[in-house]
**Q** 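I have a structure here, written as structure tokens, and I will follow up with some questions on it.
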2 protein chains.
Amino acid sequence: MGATIRDVARLAGVSRGTVSRVLNDQPRVDPQTRVRVLQAIADLDFSPSMLARGLSIGRTHSVGVVVPFITRPSIVERLRGIEGALSTTPYDLIVFNVETRQRRDNVLRDLTRGERVDGIILVGLSPDDAMAASADRPGLPTVLIDSHHPRFSRVITNDVEGGRQAARHLVELGHRRIAFLGDTPPMAFTYPASRLRYRGVRMALRSAGLDLPDRYTIMRDPGRTRARELTRELLVGPMPPTAIICASDLQAIGAREAARDLGIAVPEQLSIIGYDDLDIAGYLGLTTIRQPLFESGVSGARLLLGQLSTGNRQPVREVLGIELIARSTTGPPPA
Amino acid sequence: MGATIRDVARLAGVSRGTVSRVLNDQPRVDPQTRVRVLQAIADLDFSPSMLARGLSIGRTHSVGVVVPFITRPSIVERLRGIEGALSTTPYDLIVFNVETRQRRDNVLRDLTRGERVDGIILVGLSPDDAMAASADRPGLPTVLIDSHHPRFSRVITNDVEGGRQAARHLVELGHRRIAFLGDTPPMAFTYPASRLRYRGVRMALRSAGLDLPDRYTIMRDPGRTRARELTRELLVGPMPPTAIICASDLQAIGAREAARDLGIAVPEQLSIIGYDDLDIAGYLGLTTIRQPLFESGVSGARLLLGQLSTGNRQPVREVLGIELIARSTTGPPPA
DNA sequence: TTGTAGGCGTTATCAC
DNA sequence: GTGATAACGCCTACAA
């Protein structure tokens with residue numbers, strides 16, 4: 001199987017150094033010998049060992065992407081963006097799925113030491129200060145997607161603004177009893193998007209002179225099924241809201257499911273707004289806040305590639321736009 | 001940043017060899033010195049270079065997973081299974097998304113040569129004979145998920161049987177005009193699941209004395225949107241079917257969408273069956289054929305890990321079960 | 001039990 | 001232009 005550079009050198013009647021030069025397209029090599037070497041390479045079906053090369057030049061040509069809960073469609077979408085941007089480069093994409101703090105710490109430790117990767121992309125994971133410290137000593141180039149830390153380049157959206165837009169949309173439709181269905185961050189160190197969106201909602205309501213009572217504020221476990229249960233409880237209780245803002249499309253789907261269970265018409269009796277604009281939202285006609293998931297992956301990867309090629313590790317903050325997509329789950333409140 | 005084994009040795013007052021032995025849990029080392037070494041490792045915050053270790057022992061501790069169209073939910077689900085199985089092992093997961101034949105060839109070439117990975121998992125990609133040949137010379141351990149080749153270990157489901165079950169379900173409900181909406185494999189070398197399911201459908205219909213005319217056989221591009229268009233054409237045409245079997249849940253969703261567009265009630269006027277049982281199918285109440293996507297990833301990874309640890313490369317064929325999940329998009333045909 | 005030294009497959013720095 | 005040769009960081013006989 002493995003022909004080495006040494007075999008090539010022998011067959012071509014040159015030294016290993018020369019073969020290496022040919023391999024790396026270096027100018028100072030005689031056209032004649034270059035041909036001979038290339039021929040030998042072809043004959044032996046040789047291809048260089050990435051491992052050895054990496055050890056020698058100190059780079060691995062791979063980037064580590066750390067994501068929490070690869071389950072979630074929004075995460076997958078971002079991953080796709082990263083993969084797309086990386087696929088045209090010589091960099092491999094190594095995926096790490098972390099679902100516990102323990103595992104996160106292990107992964108990050110391994111990654112920031114042992115020269116396993118040339119750079120890191122953290123998705124939805126906010127580095128703590130200990131980890132941030134490793135960015136000081138010129139450690140691994142690292143970029144954040146959908147999470148924050150002043151020391152790192154990052155691509156984010158304005159979640160507060162997203163919450164605000166959702167709330168304003170409902171207020172303009174005439175709603176006055178608006179609930180928020182979010183989730184607690186699954187792990188301490190994950191990005192608290194839900195909470196920020198909540199904050200935006202509350203701000204918008206307040207400036208419209210409306211209140212967001214505790215009873216209308218539900219933040220528990222994420223996921224469709226749980227959202228369905230929670231919404232049901234809310235809707236069968238006293239003074240149900242006329243609209244619900246959800247922190248994700250999945251939760252919005254669960255909420256709608258609950259409405260259906262109870263025979264409550266959407267949007268005639270209840271308006272629902274999601275967040276993300278997943279593919280499925282279009283099919284379901286879900287009103288939602290679109291955030292550029294795929295594109296965030298592309299941008300993040302580009303940021304990292306930039307650091308990798310220029311060595312410039314100045315933190316950049318890239319803010320991607322969001323947009324309200326009004327479909328058919330929102331309308332005026334019942335008279 | 002990078003403390004090396006040499007630094008540890010110096011600090012602990014031992015030789016590099018001893019440090020290495022401690023690192024690899026080799027028995028013949030004095031408990032006392034072991035402690036000293038471990039202390040030094042901790043003090044220096046040292047962790048060994050995977051690159052160097054790999055070069056030395058000839059393994060990379062990573063496996064390459066090649067998938068077509070990481071876009072598709074079913075693929076993602078399988079990927080999750082693989083990741084899950086690998087996460088408890090020292091193996092890293094390197095993802096390659098291939099969407100063109102060109103890219104597939106490049107990836108596979110790189111992968112099977114240059115010692116980049118210790119093993120390969122191909123998802124939904126049927127290796128051609130050229131590639132299969134590389135399995136002869138004891139090349140890289142390779143396993144297939146949702147694709148076939150006698151030379152490789154593989155985990156599959158019986159797609160023909162899946163089609164058959166779907167058709168039988170409808171026949172038993174009383175349908176006689178049944179259509180099939182599948183897709184052509186997106187690339188020549190991808191696994192022709194749709195076609196096999198079609199075959200199963202045809203067989204079941206035939207043995208029920210029913211016909212599957214060309215007009216009821218639609219195989220074009222995959223995807224929800226396209227399925228919606230195609231179904232529409234079918235339904236507005238002469239003698240529309242009373243039931244449609246789709247080769248994927250996504251297509252079934254598109255079909256249902258078309259029915260909705262035309263004001264055709266499901267399942268009263270039209271029955272629809274999907275394939276995969278994605279999460280969303282449950283929400284939509286879609287009748288479908290469930291295949292264990294996540295589990296197929298787990299099994300595939302396990303198969304590969306087995307080969308990696310035992311060296312036994314005897315091809316194994318693991319067939320996972322499928323199951324009809326009857327929900328609310330199928331019912332008796334209109335009277 | 002521990003130290004020494006050669007080797008894994010490249011690249012890079014010299015001389016020539 | 002090209003050929004030696006010393007890294008790169010680790011593992012593993014072989015000695016001691």
Side-chain angles (χ1 to χ4, degrees), chain A residues 1-41 44-62 90 110-118 140, chain B residues 1-41 44-62 90 110 112-118:
Chain A
M1 350 170 255
T4 79
I5 206 174
R6 187 176 241 112
D7 304 321
V8 176
R10 198 169 324 165
L11 182 58
V14 297
S15 77
R16 288 178 284 162
T18 302
V19 176
S20 176
R21 280 184 280 263
V22 171
L23 244 32
N24 298 289
D25 287 318
Q26 296 198 14
R28 333 208 132 271
V29 43
D30 186 292
Q32 300 253 340
T33 47
R34 177 185 298 272
V35 170
R36 273 216 320 285
V37 170
L38 288 175
Q39 185 57 51
I41 289 177
L44 267 45
D45 193 36
F46 160 87
S47 72
S49 157
M50 283 334 213
L51 233 45
R53 166 175 291 170
L55 181 58
S56 187
I57 67 182
R59 286 185 297 115
T60 63
H61 270 307
S62 60
D110 285 7
L111 234 42
T112 47
R113 313 227 227 104
E115 17 262 33
R116 204 190 211 34
V117 297
D118 293 345
L140 254 48
Chain B
M1 353 169 253
T4 80
I5 206 174
R6 186 177 241 113
D7 303 322
V8 175
R10 198 171 322 165
L11 181 57
V14 297
S15 78
R16 289 176 286 162
T18 302
V19 175
S20 175
R21 281 185 277 265
V22 171
L23 245 32
N24 298 288
D25 286 319
Q26 294 198 12
R28 337 206 129 271
V29 43
D30 186 290
Q32 301 253 341
T33 47
R34 178 186 297 274
V35 170
R36 275 218 317 286
V37 170
L38 288 174
Q39 185 57 51
I41 288 177
L44 266 46
D45 195 35
F46 162 85
S47 73
S49 156
M50 283 331 213
L51 231 46
R53 165 176 290 171
L55 181 57
S56 189
I57 67 183
R59 288 185 294 117
T60 63
H61 270 305
S62 59
D110 285 7
T112 48
R113 313 231 224 103
E115 18 263 33
R116 204 189 209 38
V117 296
D118 294 345

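What you see is a predicted model, and the numbers here were worked out from it, not measured in a lab.
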**Q** Between D30(B) (side chain) and Q32(B) (backbone), is there a donor-acceptor pair under 3.5 Å?
**A** yes
**Q** With rounding to the nearest 0.5 Å, note down the distance linking CD in Q26(B) to OG1 in T18(B).
**A** 10.5 Å
**Q** For DNA chain D, determine which residues of residues 30-40 of chain A have any heavy atom closer than 4.0 angstrom to one of its atoms, and list them numerically.
**A** D30(A), T33(A)
**Q** Hey, could you give me the CZ/NE2 distance between R116(A) and H61(B), rounded to the nearest 0.5 Å?
**A** 9.0 Å
**Q** Hey, is the main chain of T60(A) close enough, under 3.5 Å, to the side chain of D118(A) for a donor-acceptor pair?
**A** yes
**Q** Can you tell me how far apart CE (M50(A)) and CG (L55(A)) are? Round to the nearest 0.5 Å.
**A** 14.0 Å
**Q** Show the nearest heavy-atom pair for residues L140(A) and L111(A), with the distance to one decimal.
**A** CD2-O, 3.2 Å
**Q** Can you tell me if R36(A) uses its side chain to pair, donor with acceptor, with the backbone of A12(A) under 3.5 Å?
**A** yes
**Q** Looking at S15(B), does any N or O in its side chain come under 4.0 Å of the phosphate oxygens OP1/OP2 on dG3(C)?
**A** yes
**Q** Nearest 0.5 Å, what's the CZ-CG distance between R10(B) and D7(B)?
**A** 5.5 Å
**Q** Between dG9(C) atom C1' and R116(B) atom CZ, what is the distance in whole Å?
**A** 15 Å
**Q** Taking all non-hydrogen atoms of both residues into account, name the closest pair between L23(B) and F46(B) and its distance.
**A** CD2-CE2, 3.8 Å
**Q** Which whole-number value in Å describes the distance from L51(A) CG to dC11(D) P?
**A** 13 Å
**Q** Separation of L44(B) atom CG from dG9(D) atom C1', in whole Å?
**A** 15 Å
**Q** Nearest heavy-atom pair of R59(A) and L51(B): which atoms, and what distance?
**A** O-CD2, 4.4 Å
**Q** Encode nucleotides 11-16 of chain C as B, S and - characters from 5' to 3', where the letter depends on protein heavy atoms closer than 4.0 Å: B to the base, S only to sugar-phosphate, - to neither.
**A** BB----
**Q** Roughly how far apart are I5(B) CD1 and L44(B) CG, rounded to 0.5 Å?
**A** 12.0 Å
**Q** Heavy-atom contacts under 4.0 Å between residues 6-13 of chain B and DNA chain D, which residues?
**A** none
**Q** Given dG3(D), dT10(C), dG1(D), which nucleotide is nearest the side-chain atoms of S49(A)?
**A** dT10(C)
